[in-house]
Amino acid sequence: MKSKLFFLICSFLLSLPVYAQTLEKMNWFNEPTQWSINNNQLTMSVTPKSDYWRISHYGFTVDDAPFYYTEYGGEFEAKVKVTGDYKVRFDQAGMMIRIDHENYIKAGIEYVDGKYNLSVVVTHHTSDWSVIALGKPVESVWIKAVRRMDAIEIFYSFDDKEYTLMRNAWMEANCPVKVGMMGACPDGEGFNVSFSDFSVKHLPDVVRTKWLETNK
């Protein structure tokens, strides 16, 4: 009887969905007024007149958009699906990897002059901005970031199968980072965005792995 009960419990546990990251245990930076988590999906109404940017070109610094994050100290692969109802110029949503207010990377979709763009902003004291213009609106995009040593590789996909590199950027090695989901609305009155399938997978440290291989 006990063995049968044990088998039933194990079967039930194995049938449950397994998530690499529990959204309920994450933290807010600039929590928005409206947000919810259902079926491991985060939905939020992006705060109006909010953004992340430092100094260059525009001459201002802002650090007030919503960011829902977890913290990791080593090397990892992070991924998330982003679906947004973009409305006005500079509406944006995606993934952010952040050390502090002077050092962060944000990547995702940014809506500019009526067009969808794959967008990456890299900030180390001052911000830079790179875009890949898309020929048509997209319902969703998957963003993947791979942290290895002192670099972050940013990839995008429209089907979660084929990923294309869009940026390779420096990020200080051996320094804990916050990684998660962000949205910003510099010009407008806010918009809705949802994030699903968020995961962070630990990667063995490259330098340590090579040392172990040569010192068996």
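Note that these values count all heavy atoms, side chains included, but never hydrogens, waters or copies made by symmetry.
The main-chain N or O of Trp129 is never found under 3.5 Å from a side-chain atom of His57 such that the two would form a donor-acceptor pair. Checked by atom type and distance alone, the side chain of Asn117 never pairs as donor or acceptor with a backbone atom of Ser119 at under 3.5 Å. In terms of modelled atom types and a separation under 3.5 Å, the side chain of Asn38 and the main chain of Ser36 share no donor-acceptor contact. Not a single donor-acceptor pair under 3.5 Å links the side chain of Thr47 to the backbone N or O of Ala65. Under the 3.5 Å distance criterion, the side-chain polar atoms of Glu162 are left unmatched by any main-chain donor or acceptor of Ser157. Proximity of a side-chain donor or acceptor of Tyr68 to a complementary backbone N or O of Leu23 within less than 3.5 Å is detected. A distance-only check finds a donor-acceptor pair linking the side chain of Asp91 to the backbone of Val88 [under 3.5 Å]. At least one donor-acceptor pair under 3.5 Å links the side chain of Arg54 to the backbone N or O of His125. Checked by atom type and distance alone, the side chain of Lys106 pairs as donor or acceptor with a backbone atom of Tyr52 at under 3.5 Å. With hydrogens and angles disregarded, no donor-acceptor distance shorter than 3.5 Å links the side chain of Asp63 to the backbone of Trp53.
There is no path of hydrophobic side-chain contacts, each under 4.5 Å, that joins Val82 to Val146. Residues Val138 and Tyr86 fall within the same hydrophobic cluster, defined by Ile, Leu, Val, Met, Phe, Trp and Tyr side chains chained together at heavy-atom separations under 4.5 Å. Put simply, Ile105 and Phe67 are part of two different groups of oily side chains (I, L, V, M, F, W, Y) that touch within less than 4.5 Å, one to the next. Using a 4.5 Å cut-off between side-chain heavy atoms of Ile, Leu, Val, Met, Phe, Trp and Tyr, with links allowed through other members, Phe29 and Met95 fall into different hydrophobic clusters. Residues Ile132 and Val141 share a hydrophobic cluster, clusters being chains of Ile/Leu/Val/Met/Phe/Trp/Tyr side chains in contact below 4.5 Å.
Closest non-hydrogen pair, Pro176 versus Ile99, comes out as O-CG1, 4.2 Å. Taking every heavy atom of both residues into account, Gly190 and Lys87 meet most closely at O-CD, 4.0 Å. Contact record, Ser140 with Phe158: O-CD2, 3.9 Å, taken as the closest heavy-atom pair. Shown here for Val179 and Met26, the closest heavy-atom pair between the two residues is O-CE, 4.3 Å. Between Ile152 and Ala145, the closest heavy-atom pair is CG2-CB, 4.2 Å. Of all the heavy atoms in Trp28 and Leu42, the pair that sits closest is CZ2-CD1, 4.1 Å.
A distance of 12.5 Å separates CE in Met182 from CD1 in Ile97, rounded to the nearest 0.5 Å. Note that the CD atom of Glu153 and the CG atom of Asn168 stand 5.0 Å from one another [nearest 0.5 Å]. Atom OH of Tyr116 sits about 10.0 Å away from atom CD of Glu139, to the nearest 0.5 Å. Rounding to the nearest 0.5 Å gives a distance of 9.5 Å between CZ of Arg98 and OG1 of Thr123. Remark: Leu212 CG to Asp205 CG distance equals 9.5 Å, nearest 0.5 Å. Between Lys210 atom NZ and Asn215 atom CG the span is 14.0 Å, to the nearest 0.5 Å.
Within 6.0 Å of CD on Gln34 lie no more than 12 heavy atoms contributed by other residues, nucleotides or ligands. Under a cut-off of 6.0 angstrom, the local environment of CG in Asn174 is sparse, with at most 12 non-hydrogen atoms contributed by other residues, nucleotides or ligands. Surrounding NZ of Lys49 are more than 12 heavy atoms belonging to other residues, nucleotides or ligands, all under 6.0 Å away.
Phe155 carries Lys144 over the face of its six-membered ring, with the cationic atom under 6.0 Å from the centre and within 45° of the normal.
Tyr72 has its side chain within reach of Thr70: a pair of non-hydrogen atoms, C-beta onward, lies under 4.5 Å apart. Using a 4.5 Å heavy-atom threshold, the side chains of Pro66 and Val46 count as touching. Between Lys115 and Leu134 the shortest side-chain heavy-atom distance does not fall below 4.5 Å. Side-chain contact between Tyr104 and Ser127 is present, with at least one heavy-atom pair separated by less than 4.5 Å. Residues Asn103 and Glu172 form no side-chain contact, since every pair of their non-hydrogen atoms from C-beta on lies 4.5 Å or further apart. In this structure, Val80 and Trp142 have side chains that are not in contact, with every pair of non-hydrogen atoms separated by 4.5 Å or more. Using a 4.5 Å heavy-atom threshold, the side chains of Gln92 and Pro186 count as touching.
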Check the pair Trp35, Thr43 against side-chain contact (heavy atoms from CB on, under 4.5 Å), reporting the backbone distance first and the verdict last.
CA-CA 6 Å; Trp35 63 276; Thr43 300; over 6 Å; no
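Using the six-membered ring where Trp is involved, Tyr58 and Phe60 have ring planes that are parallel, under 30° apart on the 30 and 60° scheme.
The side chain to side chain donor-acceptor pair (under 3.5 Å) check on Thr126 picks up nothing, with sequence neighbours excluded.
Using a cut-off of 4.0 Å between Lys/Arg side-chain N and Asp/Glu carboxylate O, Asp197 and Lys81 are scored as not salt-bridged.
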